[in-house]
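We use all heavy atoms of the structure for the numbers below, so side chains are in, but hydrogens, waters and symmetry mates are not.
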Amino acid sequence: MYKSDSSKRSLADKKISRSSLIGSLGALGALGTLPFLVTSCGKNKLEQVVYEGSHQEAILDNILKRRSIRKYTDQEVSQEILDVIMRCAIFAPSATNEQPWEVRVIHKPGLLTVINERWKKTAPKKNLIDAQNPNYSVMHHAPVLVVIAGDSKNPKARVDVGIMLQTILLSSHALGLGSCPIGMLVPTLIHPENQDIVKTLNIPDGYEVMANIALGYPDESPEAPIRFSDKVKFIK
């Protein structure tokens with residue numbers, strides 16, 4: 001059910017628990033009705049939402065405290081949580097709303113093992129020690145891998161996929177999960193010898209894998225690495 005403007009305002013005035021947030025977002029399957037609802041509600045006035053106080057602090061805290069996690073527990077990630085993350089993901093902005101992406105959420109252990117073994121076969125020289133370690137996982141033994149493919153004919157797709165990637169990282173962190181972008185898997189999944197995996201994932205022709213994210217419950221709390229503020233210049 002979609003809330004009225006008045007109920008939205010009252011909701012913004014109180015804290016939202018993680019469980020109520022998940023409930024309000026709903027399952028991913030409900031998104032099929034969204035285009036109709038958007039086009040049929042053209043008379044609604046645009047309401048700008050300004051986050052203040054605890055909400056504003058929570059958003060900024062989520063951005064500043066999120067870390068890449070490379071050690072995960074064995075706890076499974078529920079379908080309910082994954083639905084919420086994917087709902088957030090497909091609401092990421094894209095140029096002219098083309099949404100030039102295909103997303104696959106893999107939590108099938110056997111397939112994750114296959115992907116890991118394929119990476120070991122194509123690992124670059126600098127990663128040979130890890131590739132030769134039978135216990136090494138390029139996904140850091142995370143129980144879930146998100147694969148994002150982009151339209152290879154769309155010059156803006158890589159930017160749009162990058163925005164979606166960050167949306168997944170932040171929404172995952174907000175829900176208590178750890179995450180880590182796995183750039184090393186991109187060369188593996190675009191390698192000609194591994195296109196059988198791409199077919200298994202049912203990624204359409206003309207799309208290529210552009211990003212991968214390991215997801216799971218964190219088993220570490222790494223410190224933030226040094227950030228270089230001198231890389232930011234203000235032009236006045």
Side-chain angles (χ1 to χ4, degrees), residues 27-32 35 72 76-92 94-125 127-128 130-169 171-172 177 179-216:
L28 186 63
L31 289 174
Y72 296 87
E76 293 186 6
V77 181
S78 71
Q79 186 63 48
E80 184 183 29
I81 293 287
L82 293 174
D83 282 343
V84 175
I85 294 170
M86 287 300 106
R87 182 179 174 89
C88 293
I90 64 174
F91 269 77
S94 64
T96 63
N97 195 33
E98 293 183 20
Q99 304 177 44
W101 49 55
E102 289 282 336
V103 188
R104 302 294 180 264
V105 183
I106 307 170
H107 45 119
K108 185 176 182 179
L111 183 54
L112 294 176
T113 298
V114 170
I115 293 173
N116 190 53
E117 291 303 314
R118 296 293 183 90
W119 175 80
K120 289 183 176 183
K121 291 181 179 179
T122 58
K125 292 182 179 179
N127 299 115
L128 283 181
D130 289 332
Q132 292 170 356
N133 180 352
N135 296 319
Y136 182 79
S137 167
V138 69
M139 296 159 282
H140 310 295
H141 299 286
V144 178
L145 176 69
V146 179
V147 176
I148 311 175
D151 184 350
S152 59
K153 295 181 180 179
N154 187 329
K156 300 164 286 188
R158 293 187 186 278
V159 174
D160 293 342
V161 167
I163 297 171
M164 173 180 270
L165 179 147
Q166 181 74 330
T167 301
I168 293 173
L169 299 182
S171 59
S172 300
L177 295 182
S179 62
C180 186
I182 311 295
M184 291 192 297
L185 261 182
V186 172
T188 299
L189 294 178
I190 64 174
H191 196 284
E193 294 182 2
N194 295 325
Q195 291 312 292
D196 58 319
I197 294 178
V198 174
K199 290 181 179 179
T200 298
L201 298 178
N202 197 27
I203 293 175
D205 292 339
Y207 280 69
E208 66 178 39
V209 174
M210 296 182 179
N212 305 279
I213 307 167
L215 285 181

J.: What pairs with Glu117 under side-chain hydrogen bond (donor to acceptor under 3.5 Å, both in side chains), at least two apart in sequence or on another chain?
T.: none
J.: What's the shortest heavy-atom distance between Ile197 and Arg118, and which atoms?
T.: CD1-CG, 3.5 Å
J.: Using only atom types and a distance under 3.5 Å, with no angle test, would you say the side chain of Lys121 pairs donor to acceptor with the backbone of Thr188?
T.: no
J.: Quick one, Asn212 and Met139 - any side-chain contact, counting heavy atoms below 4.5 Å?
T.: no
J.: Taking all heavy atoms of Ala92 and all of Ile163, pick out the closest pair and write down the distance.
T.: CB-CG2, 4.2 Å
J.: Specify the closest pair of heavy atoms between Leu112 and Ala142, including all atoms of both residues, with the distance to one decimal.
T.: CD1-O, 4.0 Å
J.: Verify, without hydrogens or angle tests, whether His141 (side chain) and Asn135 (backbone) share a donor-acceptor contact under 3.5 angstrom.
T.: yes
J.: Please give me the minimum heavy-atom distance between Asn154 and Pro100, naming the atom from each residue.
T.: ND2-CB, 3.5 Å
J.: I need the full list of salt bridge (charged side-chain N to carboxylate O under 4.0 Å, His left out) pairs touching residues 197-215, with sequence neighbours left out, sorted by first then second residue.
T.: Arg158-Glu208
J.: Could you please spell out the steps behind the side-chain contact (heavy atoms from CB on, under 4.5 Å) verdict for Thr200 and Val114?
T.: CA-CA 11 Å; Thr200 298; Val114 170; over 6 Å; no
J.: Could you tell me if the side chain of Leu185 sits less than 4.5 Å from the side chain of Leu145, heavy atoms only?
T.: yes
J.: Rounded to the nearest 0.5 Å, what separates atom NZ in Lys108 from atom CD1 in Ile115?
T.: 10.5 Å
J.: Would Ile168 and Met86 count as a side-chain contact (heavy atoms from CB on, under 4.5 Å) if you check the C-alpha gap in whole Å, the side-chain angles of each, and the deciding distance to 0.1 Å?
T.: CA-CA 7 Å; Ile168 293 173; Met86 287 300 106; 4.0 Å; yes
J.: Are Cys88 and Ile85 packed together at the side-chain level, in the sense that at least one heavy-atom pair is separated by less than 4.5 angstrom?
T.: no
J.: Within a strict 4.5 Å, meaning less than it, do heavy atoms of the Met164 and Val146 side chains meet?
T.: no
J.: Between Val77 and Gly216, what is the shortest heavy-atom contact and its length?
T.: CG2-CA, 4.0 Å
J.: Mind checking whether Val209 and Leu201 have side chains closer than 4.5 Å, heavy atoms only?
T.: no
J.: Is Leu169 close to Pro181 at the side-chain level, that is, under 4.5 Å between some pair of heavy atoms?
T.: yes
J.: Please assess Ile182 against Trp119 for the test side-chain contact (heavy atoms from CB on, under 4.5 Å), listing each intermediate value before the final yes or no.
T.: CA-CA 11 Å; Ile182 311 295; Trp119 175 80; over 6 Å; no
J.: Just by distance, do the side chain of Asp160 and the backbone of Ala95 share a donor-acceptor pair under 3.5 Å?
T.: yes
J.: Is the backbone of Leu189 close enough, under 3.5 Å, to the side chain of Asn194 for a donor and an acceptor to pair up by distance?
T.: no
J.: Are Phe91 and Thr167 close enough that some pair of their side-chain heavy atoms sits under 4.5 Å apart?
T.: no
J.: Counting only heavy atoms not in Glu98 (residues, nucleotides, ligands), do more than 12 fall under 6.0 Å from its CD?
T.: yes
J.: When you measure from the side chain of Arg104 to the backbone N and O of Ala149, does any donor-acceptor pair fall under 3.5 Å?
T.: no
J.: Are the side chains of Gln99 and Ser94 in contact, using a 4.5 Å heavy-atom criterion?
T.: yes
J.: Give the minimum heavy-atom separation between Lys120 and Asn133, together with the two atoms involved.
T.: NZ-O, 2.9 Å
